[in-house]
Amino acid sequence: MRKLKKALVQGTLLLYIRKKLDQIIGKISKRLFYSHNKIQNNKVFFMTYNNQYCDNEKYIAEEILRQELPVDLVWAQPKKGKKPRSFPEEVRTVKRGTFDMFEEQATAKIWIDNALNCVWFNIPKKKSQVYINTWHGSMGIKRLGGNDDWMKKAQRCKKATNYCTTNSQFEEDIFRSTFWPENEFMKIGHPRNDILINKEKHDEIRDKVFEELGIPEGKKLALYAPTFRDDGDLTCFDLDYEAMRQALEEKFGGEWVVLVRLHFKNKKSASKIDTDDTNIINASGYFDMQELMAVVDLGITDYSSWAYDYILTGRPLLIYATDIEKYNTDRGFYYSLETTPFPIATNNEEMIKNIQEFDNNLYLENVKKFLEEKGCYETGQAAKLVVDKIKEIVGID
């Protein structure tokens with residue numbers, strides 16, 4: 001009662017209730033699933049922070065399917081709705097946060113996720129289970145962290161994780177200094193980045209993106225995809241799409257279309273993007289960011305880690321960040337934006353100027369220098385190497 005009264009006074013009642021539910025679920029799951037259900041050696045359980053078929057997990061699953069391995073793939077899908085059409089038939093789905101999901105997770109030999117997903121509901125990991133965390137950043141500038149509840153789950157994740165995938169010395173250093181000081185790293189790159197390096201499927205992916213988003217053939221694509229703000233502020237998303245689009249056409253030639261993809265935490269705002277202008281397309285519902293990166297001709301973001309995936313393509317990326325000082329105070333950076341290869345604009349006038357003065361040769365020189373400084377070791381073989389580890393764990397030759 002004392003803790004409940006304190007929560008009422010401090011205005012943290014919802015957080016208090018959430019913690020209590022987390023504890024109750026943990027106790028129930030231990031009683032129902034931990035002791036009584038046997039582990040199925042060939043089962044792999046996947047979970048992503050947005051519950052979609054995307055990120056590193058998608059490309060690991062795709063490699064397992066490509067090799068036609070005798071592995072049961074189970075994925076936590078959104079709690080509401082039917083199985084999304086993006087999931088292959090060979091991937092079984094189970095609704096997130098249900099007892100069916102707890103049972104699937106408790107009986108899977110391997111857990112794979114890109115955040116703190118597999119520990120979010122306090123499902124205990126058995127000693128013989130293996131947890132591979134691929135995370136979702138990539139040499140990203142944003143500091144890892146969250147509220148007290150998030151940090152407690154991060155500590156739980158640290159204890160449960162067996163392997164972390166990394167793509168650079170920079171990531172190794174960050175992971176060592178935050179949540180995985182003693183965990184084993186798989187220094188192989190990120191599976192989601194294989195398609196950015198290996199360009200064999202780019203034409204096929206481009207056709208898919210153009211068809212799904214209704215883009216006329218022959219258009220050049222710019223992608224604007226900012227990250228979310230911890231305080232929910234959206235005033236920073238005031239990029240003048242049309243003025244920028246015209247500047248791109250004058251600088252680079254061709255006819256340009258701007259894709260706007262807001263973070264999934266800004267879902268309500270994404271629905272308000274003006275879709276009447278055929279040159280501005282709402283791509284917020286396109287869940288596979290890597291496919292978009294594989295085909296767009298130019299990227300624009302603020303502090304999102306996708307910039308440090310996209311850099312592997314060598315194509316231009318520009319920063320539009322109106323709130324650098326505030327964001328640095330609220331969240332914090334691991335390094336200064338000014339040390340990246342990306343031209344920085346804090347208002348629309350600067351953005352237009354950066355497009356007009358963009359020097360591609362200088363940009364590529366700075367990209368090479370940046371990747372060398374961060375100790376990047378992406379090779380385009382990460383998915384295969386993760387699957388090699390899975391085969392080793394489950395005993396497949």
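These numbers come from the heavy atoms of this one structure, side chains and all, not from hydrogens, waters or symmetry mates.
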A.B. asks: Any link between W111 and I64 through a network of hydrophobic side chains (Ile, Leu, Val, Met, Phe, Trp, Tyr) touching at under 4.5 Å?
C.D. replies: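 As far as the 4.5 Å side-chain criterion goes, I64 and W111 are not connected within one cluster.
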
A.B. asks: Please check this pair: side chain of K220 against backbone of F252, looking for a donor-acceptor N/O pair closer than 3.5 Å.
C.D. replies: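 Confirmed, K220 side chain pairs with F252 backbone.
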
A.B. asks: For the residue pair T340 / Y335, report whether a side-chain donor-acceptor contact shorter than 3.5 Å exists.
C.D. replies: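 No, no side-chain donor-acceptor pair sits under 3.5 Å.
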
A.B. asks: Decide if the gap between the ring center of F342 and the ring center of Y308 is smaller than 6.0 angstrom.
C.D. replies: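 Yes, they do, as the ring centres are separated by less than 6.0 Å.
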
A.B. asks: Between L259 and A283, which heavy-atom pair has the shortest distance, and what is it?
C.D. replies: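 Distance-wise, the nearest heavy atoms are CB-CB, 4.1 Å.
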
A.B. asks: Inspect the contact between D149 and K153 and indicate whether a charged nitrogen and a carboxylate oxygen are less than 4.0 angstrom apart.
C.D. replies: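 Judged by the 4.0 Å cut-off on N to carboxylate O distance, K153 and D149 do form a salt bridge.
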
A.B. asks: Where does the angle between the aromatic ring planes of F87 and Y53 fall among parallel (under 30°), tilted (30 to 60°) and perpendicular (over 60°)?
C.D. replies: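 Ring orientation of F87 relative to Y53: tilted.
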
A.B. asks: Answer yes or no: is there a side-chain heavy-atom contact under 4.5 Å between L292 and L213?
C.D. replies: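 SC-SC contact between L292 and L213 confirmed.
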
A.B. asks: When you compare the side chain of I396 with that of V71, does any pair of heavy atoms fall below 4.5 Å?
C.D. replies: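 Result yes, sub-4.5 Å side-chain heavy-atom pair found.
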
A.B. asks: Could you check, using the six-membered ring where one of them is a Trp, whether Y224 and W256 have ring centers closer than 6.0 angstrom?
C.D. replies: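 No, too far apart.
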
A.B. asks: For R245, is there an ion pair with E242 - N to carboxylate O distance below 4.0 angstrom?
C.D. replies: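 Yes, charged N to carboxylate O under 4.0 Å.
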
A.B. asks: Mark yes or no for whether N360, through its side chain, and P316, through its backbone, hold a donor-acceptor pair below 3.5 Å.
C.D. replies: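 Such a contact is absent between N360 side chain and P316 backbone.
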
A.B. asks: Sub-3.5 Å donor-acceptor pair from the side chain of R192 to the main-chain atoms of I60, do we have one?
C.D. replies: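 Checked: no pair found.
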
A.B. asks: Can you tell me if T301 uses its side chain to pair, donor with acceptor, with the backbone of A225 under 3.5 Å?
C.D. replies: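 Answer holds: yes.
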
A.B. asks: Could you tell me if the side chain of E255 sits less than 4.5 Å from the side chain of K219, heavy atoms only?
C.D. replies: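 Yes - at least one pair of side-chain heavy atoms lies under 4.5 Å apart.
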
A.B. asks: Do E184 and N162 get their side chains close enough for a donor-acceptor pair, meaning under 3.5 Å?
C.D. replies: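 Note: E184 and N162 side chains miss the donor-acceptor criterion.
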
A.B. asks: Taking atom types as modelled, find out whether H190 and Q290 have a side-chain donor-acceptor pair closer than 3.5 angstrom.
C.D. replies: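 Distance-only check fails for H190 and Q290.
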
A.B. asks: For the side chain of E172 and the backbone of K187, is there at least one donor-acceptor N/O pair under 3.5 Å apart?
C.D. replies: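 No, because the side chain of E172 does not come within donor-acceptor range (under 3.5 Å) of the backbone of K187.
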
A.B. asks: What's the shortest heavy-atom distance between C157 and A115, and which atoms?
C.D. replies: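 Answer, listing the atom of C157 first, then A115: SG-O, 4.0 Å.
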
A.B. asks: Taking all non-hydrogen atoms of both residues, which atom of P191 and which atom of V386 are closest, and how far apart?
C.D. replies: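 In terms of heavy atoms, the two residues are closest at CG-CG2, 4.0 Å.
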
A.B. asks: Tell me, do Y163 and I110 make a side-chain contact under 4.5 Å, heavy atoms counted?
C.D. replies: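 A side-chain contact is absent here, since even the closest heavy-atom pair is not under 4.5 Å.
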
A.B. asks: Donor-acceptor check, side chain of Y131 to backbone of D113, threshold 3.5 angstrom: yes or no?
C.D. replies: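 Absent.
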
A.B. asks: Closer than 4.0 angstrom, basic N to acidic O: yes or no for E350 and K353?
C.D. replies: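 Looking at E350 and K353, the cut-off is not met.
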
A.B. asks: Would you name the heavy atoms of E63 and V387 that are closest together and state the gap between them?
C.D. replies: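 Residues E63 and V387, closest heavy atoms: CG-CG2, 3.5 Å.
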
A.B. asks: What pair of heavy atoms forms the shortest contact from D309 to L196, and how long is it?
C.D. replies: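 That would be O-CD1, 3.4 Å.
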
A.B. asks: Closer than 4.0 angstrom, basic N to acidic O: yes or no for K58 and E62?
C.D. replies: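 Result for this pair is no, no salt bridge flagged.
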
A.B. asks: What residues, two or more places apart in sequence or in another chain, satisfy side chain to side chain donor-acceptor pair (under 3.5 Å) together with W180?
C.D. replies: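 If we apply the side chain to side chain donor-acceptor pair (under 3.5 Å) test to W180, skipping adjacent residues, the hits are T161.
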
A.B. asks: Please tell me whether M101 and V74 are part of a single hydrophobic cluster in this structure, the criterion being side-chain heavy atoms less than 4.5 Å apart.
C.D. replies: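 Yes.
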
A.B. asks: So does E392 pair up with K389, basic N to acidic O under 4.0 Å?
C.D. replies: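 Yes.
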
A.B. asks: With ring-ring contact (aromatic ring centres under 6.0 Å, His included) as the test, pick out the partner of W150 among Y49, F179, W120.
C.D. replies: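 Running ring-ring contact (aromatic ring centres under 6.0 Å, His included) over Y49, F179, W120 with W150 returns exactly one hit, F179.
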
A.B. asks: Looking at R315 and M293, would you say the former's side chain and the latter's main chain have a donor-acceptor pair under 3.5 Å?
C.D. replies: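 Confirmed, R315 side chain pairs with M293 backbone.
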
A.B. asks: Run the side chain to side chain donor-acceptor pair (under 3.5 Å) check on N282 and S284 step by step: do they pass?
C.D. replies: CA-CA 6 Å; N282 187 353; S284 299; 2.9 Å; yes

A.B. asks: Are the side chain of H136 and the backbone of N56 linked by a donor-acceptor contact shorter than 3.5 Å?
C.D. replies: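 A pair under 3.5 Å: no.
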
A.B. asks: Does the side chain of Y241 come within less than 4.5 Å of N279's, by heavy atoms?
C.D. replies: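 Counting from C-beta outward, N279 and Y241 never come under 4.5 Å.
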
A.B. asks: Just to verify, what does K374 make a salt bridge (charged side-chain N to carboxylate O under 4.0 Å, His left out) with, not counting sequence neighbours?
C.D. replies: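 K374: no salt bridge (charged side-chain N to carboxylate O under 4.0 Å, His left out) contacts found.
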
A.B. asks: Could you tell me if E250 and Q246 have a donor-acceptor pair between their side chains, going purely by distance under 3.5 Å?
C.D. replies: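 No.
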
A.B. asks: Look only at the side chain of E204 and the backbone of K201, and say whether a donor-acceptor pair between them is shorter than 3.5 Å.
C.D. replies: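 Such a contact is absent between E204 side chain and K201 backbone.
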
A.B. asks: Does the E171 side chain pair with the main chain of N167, one donor and one acceptor, at a distance under 3.5 Å?
C.D. replies: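 Checking the backbone N and O of N167 against the side chain of E171, a donor-acceptor pair under 3.5 Å is found.
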
A.B. asks: What verdict does the side-chain contact (heavy atoms from CB on, under 4.5 Å) test give for N117 and R96, after you've listed the backbone C-alpha separation in whole Å, the side-chain angles of each residue and the deciding distance to 0.1 Å?
C.D. replies: CA-CA 10 Å; N117 310 300; R96 179 186 175 100; 4.3 Å; yes

A.B. asks: In the structure I gave you, are the side-chain heavy atoms of P181 and K158 within less than 4.5 Å of one another anywhere?
C.D. replies: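 Yes; the side chains approach each other to less than 4.5 Å.
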
